[in-house]
Number of protein chains: 2
Amino acid sequence: MKPTLQTVADAVGVSRSTVSNAYSRPDQLSPQLRETILEAAARLGYTGPHPAARSLRKGQVGAIGVLFSAELSYAFTDPYAVQFLRGLAETAERHNTGLLLIPLLSDGEAAAQAVQNAVVDGFCAYCVPAWHASYDAALARNLPMVIAEWHANADPGTRVVGIDDMAAARTAARHLTALGHRRIAVIAHWIGPVQHSGPITLARPEDAPHHVTRERLIGYRDAFAEVGVDWSEVTTISSIHNSREEGAAVAAHLLDRAPRPTAILAAADLLALGVLDALETRGLQAGRDISVVGFDDIPEAAAARLTTIRQPALDKGRIAGELLLDAERAERQVVLPTELMVRASTGPNNEAGRS
Amino acid sequence: MKPTLQTVADAVGVSRSTVSNAYSRPDQLSPQLRETILEAAARLGYTGPHPAARSLRKGQVGAIGVLFSAELSYAFTDPYAVQFLRGLAETAERHNTGLLLIPLLSDGEAAAQAVQNAVVDGFCAYCVPAWHASYDAALARNLPMVIAEWHANADPGTRVVGIDDMAAARTAARHLTALGHRRIAVIAHWIGPVQHSGPITLARPEDAPHHVTRERLIGYRDAFAEVGVDWSEVTTISSIHNSREEGAAVAAHLLDRAPRPTAILAAADLLALGVLDALETRGLQAGRDISVVGFDDIPEAAAARLTTIRQPALDKGRIAGELLLDAERAERQVVLPTELMVRASTGPNNEAGRS
DNA sequence: TCCAGAATCTGGATCGATACAGAAGGGTGA
DNA sequence: TCACCCTTCTGTATCGATCCAGATTCTGGA
């Protein structure tokens, strides 16, 4: 049988408490006794206090749970998500805390179970749809929890870090309208009530289920309204995953039928890069034939000369961690700045004079 | 105070066991009683069994610990590591298991602590140096553990998945010697006994402390020997981190002094890509002026037209997970295939006739 | 009507540690 | 010499669940 504290205590002839102290509070016993105990422990094959038992008693674990928007295996394909995670890891590391990546299974029951069973001190939700079982399950755990997306009217008690998605999206869209574009299409992740890949009609952006997508669509809509383009005239395309491949695939819906939009707004860089791929396949030039704007400014965006909105992914992760772990960090809500990065993928509308 | 099983039991007027069964073994009580219990639980704000307590009693957690070679925040910068993690996550997800990323702190004491306290069912070590405190601590935990690097003479009981690094490296080096290169330099991560960035002398590759690096250096050395180039003639450069930036930085030691090597072997693609950057800065052309070979075949390698060794990172992760979680998977040691991908970064030695 | 067997439910033992109050022994200053 | 404090160690209570053997009730067939 596996040795326990008691085993060692018996072997040395001291009490269980003393052995415990040898590990957790060395100042509570004489150095030579401690030495004896550790020696005996090594001899018996005792490897230190059982983590689960210790966590139970101390009411503290040393790990935080991370909830992702997609299956774990997808999370790592998105450079933006990886950056975020990196920032989070940086803070966690400083606090000697582990990160428990929790699979966000599509099976609600199992997902809730996974969250319920997570042995953690707190949660960090990264783009988890509010209706997802995991989200409720995490809230229900009643542990400290930080949400990595900005909510304008979040309860002042909840920890939130993010950007003003709506304003940033508005900036992106205004960039296009200022260039004279009016026939603009929008590609975003998960626009409608169900996951769907392809064109979709959404009467009001406010109805999009995914928080971040919703905010960005509203920003786009408002910018369009400023120049008299009604939302109903805008073609909206939904994607299931946030991937380059799918960006290219759904772009076909826009590029292979007339009239083509003169500009495309993608609510994520990966989708935008996919659109650029689709353009290249068709011999079209971004910025001249069709303007494309992304969102996030992942490293690849600069290489592809994609106009996009920069948001500080690394800082977001870092701060999310601090909001959970830095006890002295009093504030609970942090908004980070964004910036429009104008690159070669956007240019004036060439049809401007004609129509 | 936080409600427990007992709280709910008292409220409903049943025993603690029955409430426990309501959650964990629904078939052990009548549906209507279960309903009543869950209702009461919701009313009282009871959120289900306490994970630490449950883990303690059941002796099972539902998470595996992942040990990385570098600080967590660096791990995510290496696409190869990310791919591996993705594969691992895929398997974990299928088994409804979480991944606990454990910071591999440089402070040995703290690192060992982190491993000791990890509430997990097993460990997966990814390129953890064998001398690192975390490694011993993980072994000491006496839990199932898989090592994600191939060891030719590993104990048959230990779970191992990897590639034949030595043979693959030999193939990479032979490619260069076959092209007529003789003045070849080697860049690798952590060659000497201490972390160091820059040229370093290593009498025998066998002395390199890092297992993977050691294997690859031996492979290089053996291929050189086949054409009469002695290891002592080879310039070896060590890097601290496995990053593109550092690859470029240490390449300076080779490119800015005469005689320049005609070819460079980098033991990782990120380093090789850094070398390519350094070449470009100096107006040199890879494959013509200097040949460069990498290792790993990360996605960026193809884009940069880097000749390299492909190894299946995703599969490695996936299989590592299966070795831990698939009970019916009897084998314990898996070697994966590698392939030399010849691209534009290598070409014949132009000095061949001259010297 | 009676009883075996299934369906429900109970209670104490247990998982492996830490907290905390207090006991024992040793040292110090008045 | 005595009172007091400090260091070192002990023992019991507790963290919050699950396990398992057994008690109780229900069911259906002889």
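Quick note on labels: first sequence line is chain A, next is B, and so on, each numbered from 1. No hydrogens, no waters, no symmetry mates; every other heavy atom, side chains included, goes into these values.
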Residue-phosphate contact under 4.0 Å: B/Y46 side-chain N/O, D/dA17 OP1/OP2 | yes
With heavy atoms under 4.0 Å as the rule, sort B/S24 into base, sugar-phosphate or nothing.
-> sugar-phosphate
Quick one: are the ring centres of A/Y46 and A/Y23 less than 6.0 Å apart?
-> yes
How would you label the contact of A/T18 with the nucleic acid (heavy atoms, under 4.0 Å): base, sugar-phosphate, or nothing?
-> base
Residue A/S15, side-chain heavy atoms: nucleotide from C/dT10, D/dA17, D/dG11 that is nearest = D/dG11
Rounded to whole angstroms, how far apart are CG on A/N21 and C1' on C/dA17?
-> 12 Å
How close or far is atom P of D/dT18 from atom CG of A/N117, stated in whole angstroms?
-> 10 Å
Among D/dT8, D/dT10, C/dT10, the one nearest A/S30 by side-chain distance | D/dT8
A/R16 has its side chain closest, among D/dA13, D/dC9, D/dA17, to D/dA13
Do A/S17 side-chain and C/dC20 base share a donor-acceptor contact under 3.5 Å?
-> no
Relative to the ring of B/W190, is the ring of B/H210 parallel (under 30°), tilted (30 to 60°) or perpendicular (over 60°)?
-> parallel
Which whole-number value in Å describes the distance from A/E35 CD to D/dC9 P?
-> 14 Å
With sugar-phosphate meaning primed atoms plus P, OP1 and OP2, does A/L29 contact a base, only sugar-phosphate, or nothing at under 4.0 Å between heavy atoms?
-> sugar-phosphate
Go through the side-chain N and O atoms of B/R34 and B/T18 and say whether any donor and acceptor fall under 3.5 Å apart.
-> no
Under 3.5 Å side-chain donor-acceptor pair for A/K316 and A/Y126 | no
Please give, in whole Å, the distance from D/dC6 P to A/Q28 CD?
-> 14 Å
Nearest to the side chain of A/K58, which nucleotide is it out of D/dA17, C/dA19, C/dA17?
-> C/dA19
d(CZ, B/R34; P, C/dT8) in whole Å | 13 Å
Under 3.5 Å, is there a donor-acceptor pair linking the side chains of A/H151 and A/E149?
-> yes
Can you tell me how far C1' of D/dC19 sits from CD of B/Q60, to the nearest Å?
-> 15 Å
May I have the distance from B/L5 (atom CG) to D/dC19 (atom C1'), rounded to whole angstrom?
-> 13 Å
Taking N and O atoms by type only, does the side chain of B/R57 place a donor or acceptor under 3.5 Å from a partner on the base of C/dT14?
-> yes
Closest of C/dC9, C/dA17, D/dA17 to the B/S20 side chain is D/dA17
Nearest-nucleotide comparison on DNA chain C, the residue closer to the 5′ end among A/R54 and B/L33 | B/L33
Write down the distance between CG (A/N142) and P (D/dG16), rounded to a whole number of angstrom.
-> 14 Å
